[in-house]
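To start, the structure itself, in structure tokens.
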Amino acid sequence: MRKKTLKIFIVSAVLFFYFFIPNSFADSMGQSKNFNVDSNYDSVGRSEVVATLHYISEKSYFYIEDSWWNSLSSLERSQAEKNFAALGNEFDKVIYPKLTEFFGGVWEPGIDNDSRITILMTKLKANTGGYFDSCHQYLKAQCSRSNEREMIHINTDFIFNNKMKDFLAHEFQHLINWNQKERLAGFQEDTWLNEMRSEYIGSFLGYNEPYSGSILEARVKNFLDNHYNPLGEWRGEAGDYGVISLFAQYLSNQFGERVFSLMIKNSFAGITSVNKAIKEAGYSEDFDEVFSNWSLTNYYNNLAIGRGGKYGYTTSNLKTIHVSPTVNSFYSYGLVSFSETVKDWSPRWYLLENKLSNQNNSITLKIEFKSLSQGSNFKIPYMIHYKDGSYELGFINLENQVGTAYIFDFSKNVESILMVPANHSKIINFTNNDPLVSFTLKASTVVVKQPVITTISPSYGSPFGGNPVTIKGGNFQKGIKVYFGGIKSSNVNFINETSLSVVVPSHETGLVNVWIENPDGQSSIFTGGYEYKIGAVTISDGSLIRARGDYRV
């Protein structure tokens, strides 16, 4: 199947809508008109074409490029006219009402004082389904090449293709987005997020069924071929569409379709807009957590791993998605090192396998991370696969983008460990060439004598303290002391050498270090391991929770 790339072209302009009375157009069947087009998308680089109005529906005008129409046989023209009518009916009965109800309306009657949307069909570059150019929403005085009407551009190459309705719906979302975000909210949305909503339209309207031959199937292939592609940077390439399409599917699976409607209607842009929508949908996750979970999903894709089905796609057609990690195996004491240069929101997958033949219980896996790039903000989730079939999620705790984690009983109990580092710096104003940052990740087999904390759960609580937390790690001894920000806990329950139950003491708000000391004097510090927050409500491990308005526990 040939790849079909949907593209968008957006220009910035000054909002002026309340200071003029728009002209009124009354288009009639058979009229011809000169239209300005974008030479970057035109098949031969034209900036103007002549097109004739061939079909009028309740909500649309279908203008067809004259030179293309004249090249058709009489039989082809007859079939094209039937397709215009079918597409016009789909636009009136399905695309327009469903998308405006879900996302919000277009500017009506708009700059041309006409409630119909102009659909201009011309010959575009190969693999371009269509595009939206916001210039046409403005007066010529504001944008000289404006056609001064609400319109979208569609490629005539697909008039005889059943995916035409997908392309039309995709571009219509951009028209809605322009009205909701730029005209009404007063700012321009990040391209990747605008495109992500358009990419999800096919699933929303049921156009990806059957899956075989669908645009979603092509996007899955795009993703698997380009799974290192950054989420936010936008170049309009196949990999860009693949990654945003799969991320959109994950958002829908986890939070419901309503999250897309909420993000377009709120007064924010970029990742802040997504966070706001997730919260309004009744969920507690933020974008950092969602992205890490999605990155893990693209390796595991198994709803049975962890609680809440966070590491798998629920859509049946996406069950086969699994990215291939970089694999290293430990057969003896040793060290592996990875050095990468990456964009924001572009994960890497590393799988470390335990192949140690000498089952020395004292062997621990030490994982060290370092990024010296200015402004980097890495998150490094890792999933431990135990030999008994269980899984445990952890994060490398970082201070100034440097941190170390220890996996105790690696040789005895662990089958493998998946690490997925990604930089989470940029949250808005992504470009087509975002900056690179570098990191080094090392893993080595060592013997550790001092007590070490690997996780604290929950990792936050009220400044008043009094809440229990579970501290996991290794080399804990009976009588171990635990300090939060220098204040000693008066209630430490030793469970075993890898687990403690501790009651948190009171402390002023903020992120604090957690220090532990064994009776033999060995000690260590878990930097920034616990946060005191006003209004924090802590939930103990094993609690059942349900989001507002959601039936799922």
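- For the pair Lys533 and Tyr460, the cation sits on the ring face: its NZ or CZ lies under 6.0 Å from the ring centre, inside 45° of the axis.
- A distance of 6.0 Å separates CD1 of Ile417 from CG of Leu352, quoted to the nearest 0.5 Å.
- Scanning all heavy atoms of the two residues, the minimum distance from Lys265 to Gly104 falls at CE-N, 4.0 Å.
- Between the CD atom of Glu399 and the OG1 atom of Thr404 there is a distance of 11.0 Å, given to the nearest 0.5 Å.
- Rounded to the nearest 0.5 angstrom, Ile244 CD1 and Leu231 CG are separated by 8.0 Å.
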Would you please test Tyr299 and His322 for ring-ring contact (aromatic ring centres under 6.0 Å, His included) and show each step? CA-CA 5 Å; Tyr299 172 76; His322 296 281; 7.3 Å; no
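- Taking the ring centroids of Phe172 and Phe132, they lie at or beyond the 6.0 Å cut-off.
- Counting heavy atoms from C-beta outward, Ser524 and Ile516 have side chains that approach closer than 4.5 Å.
- Looking only at side-chain heavy atoms (C-beta outward), Leu398 and Gln401 come within less than 4.5 Å of each other.
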Taking it one step at a time, do Glu257 and Phe102 satisfy side-chain contact (heavy atoms from CB on, under 4.5 Å)? CA-CA 10 Å; Glu257 291 181 329; Phe102 186 67; 4.2 Å; yes
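- Although no hydrogens or angles enter the test, the distance criterion places no donor-acceptor pair under 3.5 Å between the side chain of Asn208 and the main chain of Ser214.
- Using modelled atom types, one finds a donor on one side chain and an acceptor on the other under 3.5 Å when comparing Thr431 with Asp434.
- Within the model, atoms CD1 of Ile396 and CD of Glu368 stand 9.5 Å from one another, a figure rounded to the nearest 0.5 Å.
- For the residue pair Asn301 and Leu318, the shortest heavy atom distance occurs at ND2-O, 2.8 Å.
- Two rings, from Phe378 and His424, have their centers 6.0 Å or more apart.
- One side chain, Lys343 or Asn433, offers a donor N or O that lies under 3.5 Å from an acceptor on the other.
- The backbone N or O of Leu351 sits nowhere less than 3.5 Å from a side-chain atom of Asn328 that would complete a donor-acceptor pair.
- Under the 4.0 Å criterion applied to side-chain N and carboxylate O atoms, Arg235 and Glu233 are assigned as salt-bridge partners.
- Inter-residue side-chain proximity for Ile215 and Lys163 is flagged as met; some heavy-atom pair is nearer than 4.5 Å.
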Would Phe369 and Val402 satisfy side-chain contact (heavy atoms from CB on, under 4.5 Å), going step by step from the backbone distance to the final call? CA-CA 6 Å; Phe369 178 89; Val402 177; over 6 Å; no
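- Side-chain atoms of Asn354 come within 3.5 Å of backbone atoms of Phe410 as a donor-acceptor pair (strictly under, hydrogens ignored).
- Using modelled atom types, no side-chain atom of Asp190 and backbone atom of Trp192 make a donor-acceptor pair closer than 3.5 Å.
- Glu171 and Ser198 share no donor-acceptor pair across their side chains, judged by distance under 3.5 Å alone.
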Run the side-chain contact (heavy atoms from CB on, under 4.5 Å) check on Asp166 and His170 step by step: do they pass? CA-CA 6 Å; Asp166 295 77; His170 180 112; over 6 Å; no
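- Side-chain contact annotation: Tyr313 with Asn298, donor-acceptor N/O pair under 3.5 Å present.
- At a cut-off of 3.5 Å, with distance as the only test, no side-chain donor of Ser416 or Glu353 sits close to an acceptor on the other residue.
- A side-chain donor from one of Tyr207 and Glu90 sits under 3.5 Å from a side-chain acceptor of the other.
- Between Trp345 and the options Phe247, Phe287, Trp234, Trp294, a ring pair (Phe, Tyr, Trp, His ring centres under 6.0 Å) holds for only Phe287.
- The ring of Tyr382 has its center no closer than 6.0 angstrom to the ring center of Phe395.
- Looking at Asn253 and Thr315, their side chains do bring a donor and an acceptor atom within 3.5 Å of each other.
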Please step through salt bridge (charged side-chain N to carboxylate O under 4.0 Å, His left out) for the pair Glu415 and Lys387, ending with a clear verdict. CA-CA 5 Å; Glu415 181 178 286; Lys387 290 180 179 179; over 6 Å; no
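- Of the possible polar contacts, none joining the Tyr350 side chain to the Phe338 backbone as a donor-acceptor pair under 3.5 Å is found.
- For Thr498 and Asn496, the side-chain atoms include at least one donor-acceptor pair closer than 3.5 Å.
- Checking Ser425 against Asn377 by side-chain atom types alone, no donor-acceptor pair falls below 3.5 Å.
- Residues Lys310 and Glu289 are paired through a salt bridge, judged by an N-O separation under 4.0 Å between the basic side chain and the carboxylate.
- Glu101 and Tyr96 are not linked by any side-chain donor-acceptor pair at a separation below 3.5 angstrom, with hydrogens and angles left out of the test.
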Between Ser438 and Glu340, is a side-chain hydrogen bond (donor to acceptor under 3.5 Å, both in side chains) present by the stated rule, with each step listed? CA-CA 6 Å; Ser438 60; Glu340 299 265 11; over 6 Å; no
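- Side-chain contact, Asn266 with Lys181: a donor N or O sits under 3.5 Å from an acceptor N or O.
- Cation-pi geometry between Lys426 and Phe430 is met: under 6.0 angstrom from the ring centre, within 45 degrees of the axis.
- No donor-acceptor pair closer than 3.5 Å links the side chain of Glu182 to the backbone N or O of Asn177.
- For the residue pair Asn423 / Asp344, a side-chain donor-acceptor distance below 3.5 Å is found, with atom types taken as modelled.
- Side chain to side chain, Gln173 and Tyr200 fail the donor-acceptor criterion of an N or O pair below 3.5 Å.
- Side chains of Asn229 and Asp240: a donor on one and an acceptor on the other come within 3.5 Å.
- Using modelled atom types, no side-chain atom of Thr272 and backbone atom of Phe268 make a donor-acceptor pair closer than 3.5 Å.
- With rounding to the nearest 0.5 Å, the separation of CD in Glu392 from NZ in Lys472 is 5.0 Å.
- Here the OG atom belonging to Ser212 is positioned 5.0 Å from the CD atom belonging to Glu217, to the nearest 0.5 angstrom.
- If you check the side chains of His385 and Tyr391, you find no donor sitting under 3.5 Å from an acceptor.
- Asn413 places no side-chain N or O within 3.5 Å of a backbone atom of Tyr386 that could act as its donor or acceptor partner.
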Go through the steps to decide whether Leu365 and Ser444 satisfy the test side-chain contact (heavy atoms from CB on, under 4.5 Å), and finish with yes or no. CA-CA 6 Å; Leu365 188 70; Ser444 56; 5.9 Å; no
